[in-house]
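These notes concern the structure reproduced below.
Treat the numbers as computed from the prediction; the structure is a model and nothing was measured. Because only heavy atoms are used, hydrogens play no part in the values below, and waters and symmetry mates are left out as well, while side chains stay in.
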Amino acid sequence: MYDPTVARLTYRALLGRRRALILGALPLLLIAISVVVRGLAGADDQTASDLLGGLALATMVPIIGVIAGTGAIGPEIDDGSVVYLLSKPLKRPTIIFTKLIVAIAVTMVFSALPTLVAGFILNGNGQQIAVAYTVAALVSSIAYAALFLLLGTVSRHAVVFGLVYALVWEALFGSLVSGARTLSVQQWSLAVAHKVAGGDLVTSDVSLPTATVLLIVVTVLATWYAGQKLRSLTLAGEE
């Protein structure tokens, strides 16, 4: 299910100079803001939770997920180079699964690690805030990568749709409409973070069992359907 050659090509595409600069911009911004906030406000648990929840988990993680998930396959489909990959004796699910692993790894490195660093800067991991939000970033990285990889497979405007979901649905509607939060990767990951941190600083509108089931179902279904769409691309090319 995992092909090293496909992985190497995908890493090379995702970590090219321009895309790497984009991927690194938000983590550096998060850490810089954390240093300033710590210097001005000192170590405060509520401030740390607000910043990590509002900037790291709600903004940085989904945007990086969009870049990594759609970038793992979208450009190859757009420029037609995916035809050369599909001509190799590789199973289509293997291609998708390999690209998913790469997208997850890139999203985790550029989101979870900076979240942990920022958390320790803000309050030294008081009340497990840094670890809780890092776990949330790790969990959400998996779901975001799967969702946005699927978008990259089915649409030429995957980045736009991904940003709409991340910034409009989750950030805007999620803050205004309580029902929308149930269908939010952010809320699912916050349920996991709440379990890690305990207390009331990290909260979620979704229970942990429900969040766990939804995270697994969305990841599996998105990965499976992306594989099916890649099969149809092959058939279209052969016809």
- Would you mind reporting whether Ile64 and Pro27 have side-chain heavy atoms less than 4.5 Å apart? yes
- Query: Between Ser49 and Leu201, is there a donor-acceptor pair closer than 3.5 Å when you use the side chain of the first and the backbone of the second?
  - Reply: yes
- Task: Kindly indicate, with the supporting measurements, whether the criterion side chain to side chain contact (heavy atoms under 4.5 Å, CB included) is fulfilled by Ile96 and Ile73.
- Result: CA-CA 9 Å; Ile96 289 296; Ile73 195 169; 4.0 Å; yes
- Query: Hey, what's the ring geometry for Phe161 with His157, parallel, tilted or perpendicular (30° and 60° as the breaks)?
  - Reply: perpendicular
Validation: residues 208-221 side-chain donor-acceptor distances under 3.5 Å, sequence neighbours left out:
unit_1: Thr210; atom_1: OG1; unit_2: Ser207; atom_2: OG; d: 2.9
unit_1: Thr212; atom_1: OG1; unit_2: Leu208; atom_2: O; d: 2.8
unit_1: Thr219; atom_1: OG1; unit_2: Leu215; atom_2: O; d: 2.7

- Given the rule in the side chain to side chain contact (heavy atoms under 4.5 Å, CB included) test, do Thr47 and Arg38 qualify, once you have shown the distances and angles that lead to the verdict? CA-CA 9 Å; Thr47 301; Arg38 176 60 186 267; over 6 Å; no
- Please report the closest heavy-atom contact between Val202 and His194, naming both atoms and the distance. O-ND1, 2.6 Å
Just list the side-chain donor-acceptor pairs under 3.5 Å for residues 120-128, sequence neighbours left out, or say none.
unit_1: Asn123; atom_1: OD1; unit_2: Asn125; atom_2: N; d: 3.2
unit_1: Asn123; atom_1: ND2; unit_2: Asp45; atom_2: OD1; d: 2.8
unit_1: Asn123; atom_1: ND2; unit_2: Gly126; atom_2: O; d: 3.1
unit_1: Asn125; atom_1: OD1; unit_2: Ala130; atom_2: N; d: 3.1
unit_1: Asn125; atom_1: OD1; unit_2: Val131; atom_2: N; d: 3.1
unit_1: Gln127; atom_1: NE2; unit_2: Asp45; atom_2: OD2; d: 2.8

- Query: Within a strict 4.5 Å, meaning less than it, do heavy atoms of the Ile142 and Leu138 side chains meet?
  - Reply: no
- For the pair Gln187 (side chain) and Asp205 (backbone), establish whether a donor and an acceptor sit closer than 3.5 Å, ignoring hydrogens and angles. yes
- For residues Tyr133 and Leu190, determine if any side-chain heavy atom of one lies less than 4.5 Å from a side-chain heavy atom of the other. yes
- Step by step, work out the side chain to side chain contact (heavy atoms under 4.5 Å, CB included) result for Leu23 and Leu15. CA-CA 8 Å; Leu23 285 169; Leu15 300 178; 4.2 Å; yes
- Message: For a quick test of reading the model, state the closest non-hydrogen atom pair linking Thr153 to Lys229 and the distance between them.
- Response: CG2-CB, 3.6 Å
- Compare all side-chain heavy atoms of Leu163 with those of Ile63 and state whether any distance is below 4.5 angstrom. yes
- Residues passing the side-chain contact (heavy atoms from CB on, under 4.5 Å) test with Arg156, sequence neighbours excluded, are Asp78
- Query: When you look at Leu90 and Asp3, which way does the side chain to side chain contact (heavy atoms under 4.5 Å, CB included) test go after all the steps?
  - Reply: CA-CA 9 Å; Leu90 291 171; Asp3 186 84; 3.5 Å; yes
